[in-house]
K.L.:
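If you scroll down you'll find the structure; I have some questions about it.
One-based numbering along the sequence shown.
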Amino acid sequence: MRSIKKLMIGLLAVLGLALGMGIPTPQPFSQVETAQASHQVKLQGAHNVRDLGGYQTSTKQKVKPRLLLRSAKLAGLTHKDKQLLVHRYHLQKVVDLRTPAVIARTPDAKIPGVRLLKEPVVSDKTMASVNRVAAVSGTKSMVKMYQSFVTTAQARHAYRQLFLQLLKAPGNRAILWHCSEGKDRTGFGTALVLTALGVPQKTIYQDYLASNTYNKSSINQQLSALKHQGASKQAIAQKKATLIVKRSYLDAAYHAADKKYGSIQGYLTKGLGLSKANIAQLKQHYLQR
């Protein structure tokens with residue numbers, strides 16, 4: 001009994017230390033929703049908001065918390081949301097990856113002391129082309145868009161600018177990047193950042209696919225609206241394919257990078273122009289033991 005009591009006290013002490021340090025309790029890999037819960041940043045006026053802090057690299061280092069944030073659009077931020085981002089995360093810059101037309105239609109809410117940067121990954125013309133394909137096949141339209149993340153000069157410029165902001169950020173100030181739903185342009189951008197930091201691809205895909213969990217309510221609302229409008233089952237299915245993320249979508253970007261640059265790491269160096277010194281600086285800035 002005495003040994004069991006000591007064991008319980010020891011476990012409680014470890015748990016208390018973990019909670020006090022903000023370290024997430026280990027979860028089974030198969031439980032994607034549970035495993036990702038520790039990364040969620042709960043805001044009232046934005047969804048799919050996450051902190052990349054805590055992800056482990058292949059060298060057993062961890063991404064520092066409260067410095068790298070990903071999200072969906074920030075047009076609906078409340079005063080409380082802004083206060084949280086400013087005081088808890090010391091947010092310095094927001095990089096908006098949406099198209100110019102969408103940015104003009106639903107601009108980000110202004111946050112005191114935070115600089116907003118507009119870096120469209122996809123042009124209005126390219127997005128119109130993607131939408132035309134979506135009318136026939138939602139899956140094919142997404143594959144087309146993900147390939148453009150690698151093959152177009154505009155996308156490469158936007159992602160390079162994101163990395164330049166990460167390289168310039170002070171040690172205690174966060175950078176946030178986002179698109180409309182925080183899943184595609186943001187998802188690939190996040191995959192690039194985690195790749196540069198040495199996070200294993202298995203973890204990168206896990207983080208990417210978690211958008212289906214965090215966007216579930218938004219997805220259901222949009223599909224329900226289509227159903228009430230009398231849309232056909234086929235039309236709803238095509239729309240759903242554009243609202244969710246699939247492994248095959250991210251695969252399409254990786255395959256495009258393999259074809260043009262030899263690998264996703266080659267895309268970082270040859271496509272975005274990041275040097276070995278840049279990669280080393282990113283790791284020094286954003287990783288901890």
K.L.:
Could you check, using the six-membered ring where one of them is a Trp, whether Y205 and Y254 have ring centers closer than 6.0 angstrom?
P.N.:
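Judged by ring-centre distance (under 6.0 Å), Y205 and Y254 do meet the cut-off.
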K.L.:
What closest approach, in Å, do V150 and R156 show between heavy atoms, and which atom pair accounts for it?
P.N.:
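Closest heavy-atom pair between V150 and R156: O-NH1, 3.1 Å.
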K.L.:
NZ of K240: more than 12 outside heavy atoms within 6.0 angstrom?
P.N.:
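Result for NZ/K240: open.
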K.L.:
Taking salt bridge (charged side-chain N to carboxylate O under 4.0 Å, His left out) as the test, write out the residues that go with R185, two or more places apart.
P.N.:
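For R185, no residue satisfies salt bridge (charged side-chain N to carboxylate O under 4.0 Å, His left out) once neighbours in sequence are set aside.
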K.L.:
Please indicate whether Q288 has more than 12 foreign heavy atoms, meaning atoms of other residues, nucleotides or ligands, lying under 6.0 Å from its CD.
P.N.:
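Count over threshold, so yes.
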K.L.:
Side-chain heavy atoms under 4.5 Å apart, restricted to Ile/Leu/Val/Met/Phe/Trp/Tyr: what other residues fall into the cluster of V41, or is it alone?
P.N.:
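ILVMFWY cluster around V41 also holds L43, V49, L69, L74, L77, L84, L85, V86, Y89, L91, V94, I111, V114, L116, L176.
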K.L.:
What verdict does the side chain to side chain donor-acceptor pair (under 3.5 Å) test give for Y146 and D184, after you've listed the backbone C-alpha separation in whole Å, the side-chain angles of each residue and the deciding distance to 0.1 Å?
P.N.:
CA-CA 8 Å; Y146 274 74; D184 302 313; 2.5 Å; yes
K.L.:
Is there a donor-acceptor contact under 3.5 Å linking the side chains of S275 and N278?
P.N.:
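Indeed, the side chains of S275 and N278 share at least one donor-acceptor pair under 3.5 Å.
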K.L.:
So, for K183 and R70, which heavy atoms are closest and what is the spacing to 0.1 Å?
P.N.:
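Nearest pair, atom of K183 first, then R70: CA-NH2, 4.2 Å.
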K.L.:
Is it true that atom NZ of K227 has more than 12 heavy atoms of other residues, nucleotides or ligands lying nearer than 6.0 Å?
P.N.:
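Not more than 12 within 6.0 Å, no.
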K.L.:
Which of these, L287, L194, T190, sits in a side-chain contact (heavy atoms from CB on, under 4.5 Å) with V199?
P.N.:
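One option only clears the test, and that one is L194.
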K.L.:
Are the charged groups of R50 and D207 less than 4.0 angstrom apart, N to O?
P.N.:
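The answer is yes: the pair qualifies as a salt bridge.
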K.L.:
Does a donor on one side chain and an acceptor on the other come within less than 3.5 Å for T126 and S123?
P.N.:
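S123 and T126 do have a side-chain donor-acceptor pair below 3.5 Å.
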K.L.:
The test is side chain to side chain donor-acceptor pair (under 3.5 Å); show your working for Q165 and K93 and say whether it passes.
P.N.:
CA-CA 8 Å; Q165 298 308 317; K93 292 178 183 175; 2.6 Å; yes
K.L.:
What closest approach, in Å, do L250 and A191 show between heavy atoms, and which atom pair accounts for it?
P.N.:
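Shortest heavy-atom separation between L250 and A191 comes out as CD1-CB, 4.4 Å.
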K.L.:
Would you indicate whether K239, at its atom NZ, is surrounded by more than 12 heavy atoms from other residues, nucleotides or ligands within a distance under 6.0 Å?
P.N.:
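Result for NZ/K239: open.
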K.L.:
If you compare all heavy atoms of S71 against all heavy atoms of H178, which two are closest, and at what distance to 0.1 Å?
P.N.:
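Heavy-atom minimum between the residues: O-CB, 2.9 Å.
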K.L.:
Are there more than 12 heavy atoms of other residues, nucleotides or ligands under 6.0 Å from atom NZ of K246?
P.N.:
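It does: K246 NZ has more than 12 such atoms within range.
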K.L.:
With side-chain contact (heavy atoms from CB on, under 4.5 Å) as the test, would you mind laying out the steps for S129 and K144 before giving the verdict?
P.N.:
CA-CA 9 Å; S129 176; K144 176 183 175 69; 3.1 Å; yes
K.L.:
Between Q265 and T269, does the side chain to side chain donor-acceptor pair (under 3.5 Å) criterion hold? Intermediate values first, please.
P.N.:
CA-CA 7 Å; Q265 289 81 7; T269 56; over 6 Å; no
K.L.:
Side-chain donor-acceptor pair under 3.5 Å between Q154 and T152, yes or no?
P.N.:
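The criterion, which ignores hydrogens and geometry beyond distance, is not satisfied for T152 and Q154.
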K.L.:
Is the ring pair F149/Y159 parallel, tilted or perpendicular, if the boundaries are 30 and 60 degrees?
P.N.:
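Geometry flag for Y159 against F149: perpendicular rings.
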